[in-house]
Amino acid sequence: MAEEKSLPGHKAMKDRLTLALCANAIGDFKIKPLLVYHSENPRAFKAYKVMKEKLRVMCRANSKAWVILQFFIEWMNIVFGPSVKKYLIDNDLPLKCVLLLDNAPAHPPGLEDDLLDKFKFIKIIYLPPNTKSTLQPKDQRYLQF
(Lines give C-alpha, C1' and ligand atoms only; values in the text may rest on other atoms or scores of the structure.)
Protein backbone atom coordinates (compact mmCIF):
# COMPACT_ATOMS: atom_id res chain seq x y z
CA MET A 1 0.00 0.00 0.00
CA ALA A 2 2.67 2.51 1.03
CA GLU A 3 4.69 1.62 -2.07
CA GLU A 4 1.73 2.32 -4.32
CA LYS A 5 1.20 5.75 -2.80
CA SER A 6 4.79 6.72 -3.45
CA LEU A 7 4.63 5.81 -7.15
CA PRO A 8 4.44 8.75 -9.55
CA GLY A 9 0.99 9.32 -10.97
CA HIS A 10 -0.79 7.49 -8.15
CA LYS A 11 -4.26 8.72 -7.38
CA ALA A 12 -6.20 7.68 -4.32
CA MET A 13 -9.37 5.81 -5.17
CA LYS A 14 -12.39 8.05 -4.77
CA ASP A 15 -15.01 5.47 -5.57
CA ARG A 16 -18.04 5.87 -3.32
CA LEU A 17 -21.35 4.15 -2.80
CA THR A 18 -24.19 4.31 -0.32
CA LEU A 19 -25.86 1.23 1.06
CA ALA A 20 -29.07 1.74 3.05
CA LEU A 21 -29.81 -1.23 5.29
CA CYS A 22 -32.98 -2.09 7.20
CA ALA A 23 -34.02 -4.88 9.57
CA ASN A 24 -36.54 -5.46 12.31
CA ALA A 25 -35.62 -5.01 15.98
CA ILE A 26 -34.89 -8.69 16.67
CA GLY A 27 -32.96 -9.14 13.43
CA ASP A 28 -34.86 -12.10 11.97
CA PHE A 29 -36.19 -10.05 9.05
CA LYS A 30 -33.82 -8.13 6.80
CA ILE A 31 -35.14 -6.01 3.97
CA LYS A 32 -33.55 -5.75 0.53
CA PRO A 33 -31.02 -2.89 0.78
CA LEU A 34 -30.90 0.22 -1.38
CA LEU A 35 -27.55 0.63 -3.16
CA VAL A 36 -26.68 4.00 -4.70
CA TYR A 37 -23.60 4.20 -6.90
CA HIS A 38 -22.33 7.02 -9.11
CA SER A 39 -22.71 4.99 -12.30
CA GLU A 40 -25.85 3.43 -13.75
CA ASN A 41 -23.83 0.57 -15.25
CA PRO A 42 -20.58 -0.09 -13.35
CA ARG A 43 -17.71 -1.65 -15.33
CA ALA A 44 -17.67 -4.71 -13.08
CA PHE A 45 -21.31 -5.36 -13.98
CA LYS A 46 -20.48 -5.19 -17.69
CA ALA A 47 -17.39 -7.36 -17.39
CA TYR A 48 -19.24 -10.13 -15.57
CA LYS A 49 -22.59 -9.64 -17.32
CA VAL A 50 -24.36 -8.90 -14.04
CA MET A 51 -28.08 -8.27 -14.33
CA LYS A 52 -29.02 -5.64 -11.74
CA GLU A 53 -32.57 -6.98 -11.51
CA LYS A 54 -31.22 -10.29 -10.18
CA LEU A 55 -29.15 -8.71 -7.40
CA ARG A 56 -30.32 -8.78 -3.79
CA VAL A 57 -30.22 -4.99 -3.66
CA MET A 58 -32.24 -2.23 -5.29
CA CYS A 59 -29.74 -0.32 -7.46
CA ARG A 60 -29.95 3.37 -8.27
CA ALA A 61 -27.40 5.87 -9.64
CA ASN A 62 -26.55 9.39 -8.55
CA SER A 63 -23.40 11.36 -9.45
CA LYS A 64 -22.45 11.70 -5.77
CA ALA A 65 -23.73 8.24 -4.78
CA TRP A 66 -26.21 9.81 -2.36
CA VAL A 67 -29.63 8.53 -1.42
CA ILE A 68 -32.02 11.20 -2.64
CA LEU A 69 -35.69 11.56 -1.76
CA GLN A 70 -36.89 9.99 -5.04
CA PHE A 71 -34.79 6.83 -4.45
CA PHE A 72 -35.94 6.53 -0.85
CA ILE A 73 -39.63 6.85 -1.77
CA GLU A 74 -39.20 4.24 -4.54
CA TRP A 75 -37.48 1.89 -2.08
CA MET A 76 -40.25 2.40 0.50
CA ASN A 77 -43.04 1.64 -2.00
CA ILE A 78 -41.34 -1.05 -4.10
CA VAL A 79 -39.29 -2.89 -1.46
CA PHE A 80 -40.01 -1.88 2.14
CA GLY A 81 -43.82 -1.73 2.10
CA PRO A 82 -44.45 -5.03 0.26
CA SER A 83 -41.75 -6.86 2.27
CA VAL A 84 -43.09 -5.71 5.63
CA LYS A 85 -46.69 -6.45 4.68
CA LYS A 86 -45.77 -9.98 3.57
CA TYR A 87 -43.73 -10.59 6.75
CA LEU A 88 -46.58 -9.44 8.99
CA ILE A 89 -49.20 -11.52 7.15
CA ASP A 90 -46.98 -14.63 6.96
CA ASN A 91 -46.34 -14.43 10.72
CA ASP A 92 -49.98 -13.73 11.66
CA LEU A 93 -49.06 -10.33 13.08
CA PRO A 94 -51.25 -7.21 13.02
CA LEU A 95 -50.63 -4.80 10.15
CA LYS A 96 -48.65 -2.32 12.24
CA CYS A 97 -45.13 -1.09 11.55
CA VAL A 98 -42.88 1.65 12.89
CA LEU A 99 -39.99 2.82 10.73
CA LEU A 100 -37.32 4.74 12.66
CA LEU A 101 -35.35 7.23 10.57
CA ASP A 102 -32.57 9.69 11.28
CA ASN A 103 -32.69 13.25 9.97
CA ALA A 104 -30.86 12.60 6.68
CA PRO A 105 -31.81 14.85 3.73
CA ALA A 106 -33.54 11.90 2.02
CA HIS A 107 -35.82 11.54 5.08
CA PRO A 108 -37.75 14.83 5.23
CA PRO A 109 -40.85 15.13 7.42
CA GLY A 110 -44.05 14.05 5.70
CA LEU A 111 -42.71 10.88 4.07
CA GLU A 112 -45.85 9.01 5.17
CA ASP A 113 -47.76 11.07 2.58
CA ASP A 114 -45.61 9.48 -0.16
CA LEU A 115 -46.50 5.91 0.84
CA LEU A 116 -48.99 4.11 -1.36
CA ASP A 117 -52.42 3.70 0.26
CA LYS A 118 -51.88 -0.02 0.81
CA PHE A 119 -48.89 0.80 3.07
CA LYS A 120 -50.57 3.43 5.26
CA PHE A 121 -50.18 1.02 8.21
CA ILE A 122 -46.51 2.11 8.36
CA LYS A 123 -45.81 4.84 10.92
CA ILE A 124 -42.61 6.84 10.45
CA ILE A 125 -40.85 8.21 13.52
CA TYR A 126 -37.78 10.43 13.28
CA LEU A 127 -34.89 10.33 15.72
CA PRO A 128 -34.26 13.72 17.35
CA PRO A 129 -31.55 15.81 15.64
CA ASN A 130 -27.97 15.32 16.82
CA THR A 131 -28.73 12.09 18.70
CA LYS A 132 -27.65 9.54 16.12
CA SER A 133 -24.22 9.00 17.64
CA THR A 134 -25.77 8.53 21.08
CA LEU A 135 -28.50 6.14 19.95
CA GLN A 136 -26.59 4.16 17.33
CA PRO A 137 -23.50 2.41 18.77
CA LYS A 138 -21.85 2.07 15.36
CA ASP A 139 -21.57 5.88 15.26
CA GLN A 140 -19.97 6.16 18.67
CA ARG A 141 -16.26 6.84 18.66
CA TYR A 142 -15.45 4.94 21.86
CA LEU A 143 -17.67 2.25 23.26
CA GLN A 144 -17.72 1.80 27.02
CA PHE A 145 -18.31 -1.65 28.44
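Side chains are part of it too, since the values below use all heavy atoms of this structure and drop only hydrogens, waters and symmetry mates. Because the structure is a prediction, the values reported are computed rather than measured.
- Across all non-hydrogen atoms, the minimal contact from V79 to S83 is O-OG, 2.7 Å.
- Taking the side chain as every heavy atom from C-beta outward, L115 and M76 approach each other to under 4.5 Å.
- Contacts classified as side-chain hydrogen bond (donor to acceptor under 3.5 Å, both in side chains) and involving residues 49-60 (residues at least two apart or in different chains) are given here: E40-K52, R60-E74.
- The minimum heavy-atom distance linking E112 with I124 is given by the pair OE2-N, 2.5 Å.
- In this structure, the side chains of M58 and I78 come closer than 4.5 Å at one or more pairs of heavy atoms.
- Taking the six-membered ring where tryptophan is involved, the planes of Y87 and F29 are essentially parallel, since the angle between them stays under 30° and well short of 60°.
- Residues D114 and F119 have side chains not in contact (no heavy-atom distance under 4.5 Å, counting atoms from C-beta outward).
- Using a distance-only test at 3.5 Å, with no hydrogens or angles considered, no donor-acceptor pair links the side chain of N24 to the main chain of V84.
- In this structure, L19 and P33 approach most closely via the heavy-atom pair CD1-CB, 3.7 Å.
- Atom NZ of K120 has more than 12 heavy atoms from other residues, nucleotides or ligands within 6.0 Å.
- Cluster annotation: L35 and V50 are assigned to the same hydrophobic cluster (Ile/Leu/Val/Met/Phe/Trp/Tyr, side-chain heavy-atom contacts under 4.5 Å, transitive).
- The main-chain N or O of H38 is never found under 3.5 Å from a side-chain atom of S63 such that the two would form a donor-acceptor pair.
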So K85 and L95, side-chain contact (heavy atoms from CB on, under 4.5 Å) or not? Walk me through it. CA-CA 7 Å; K85 190 170 189 174; L95 276 181; 4.0 Å; yes

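- Using modelled atom types, one side-chain atom of N77 and one backbone atom of L116 make a donor-acceptor pair closer than 3.5 Å.
- Grouping the Ile, Leu, Val, Met, Phe, Trp and Tyr side chains by contacts below 4.5 angstrom, directly or via other members, places V36 apart from V57.
- Between the side chain of N91 and the main chain of L93, no donor-acceptor pair closer than 3.5 Å is present.
- The shortest distance between side-chain heavy atoms of L111 and L69 falls below 4.5 Å.
- Looking at N103 and L127, their side chains never come closer than 4.5 Å, going by heavy atoms from C-beta outward.
- Within the 4.5 Å cutoff, no side-chain heavy atoms of W66 are placed close to those of P105.
- Between L34 atom CG and F71 atom CZ the span is 8.0 Å, to the nearest 0.5 Å.
- Listed by chain and number, the residues in a salt bridge (charged side-chain N to carboxylate O under 4.0 Å, His left out) with K86 are D90 (sequence neighbours excluded).
- For F80, the ring-ring contact (aromatic ring centres under 6.0 Å, His included) test picks out W75, with sequence neighbours left out.
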For a side-chain contact (heavy atoms from CB on, under 4.5 Å) check, start with the C-alpha distance between F121 and L88, then their side-chain angles and the critical distance, and finish with the verdict. CA-CA 11 Å; F121 65 90; L88 294 173; 3.8 Å; yes

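- Put simply, the side chain of K118 never gets that close to the backbone of G81: no donor and acceptor are under 3.5 Å apart.
- Counting only distance, with no hydrogens or angles, the side chain of H107 and the backbone of L101 share no donor-acceptor pair below 3.5 Å.
- Of all heavy-atom pairs between A65 and L17, the closest is CB-CA, 3.9 Å.
- Within the 4.5 Å cutoff, no side-chain heavy atoms of Y37 are placed close to those of N62.
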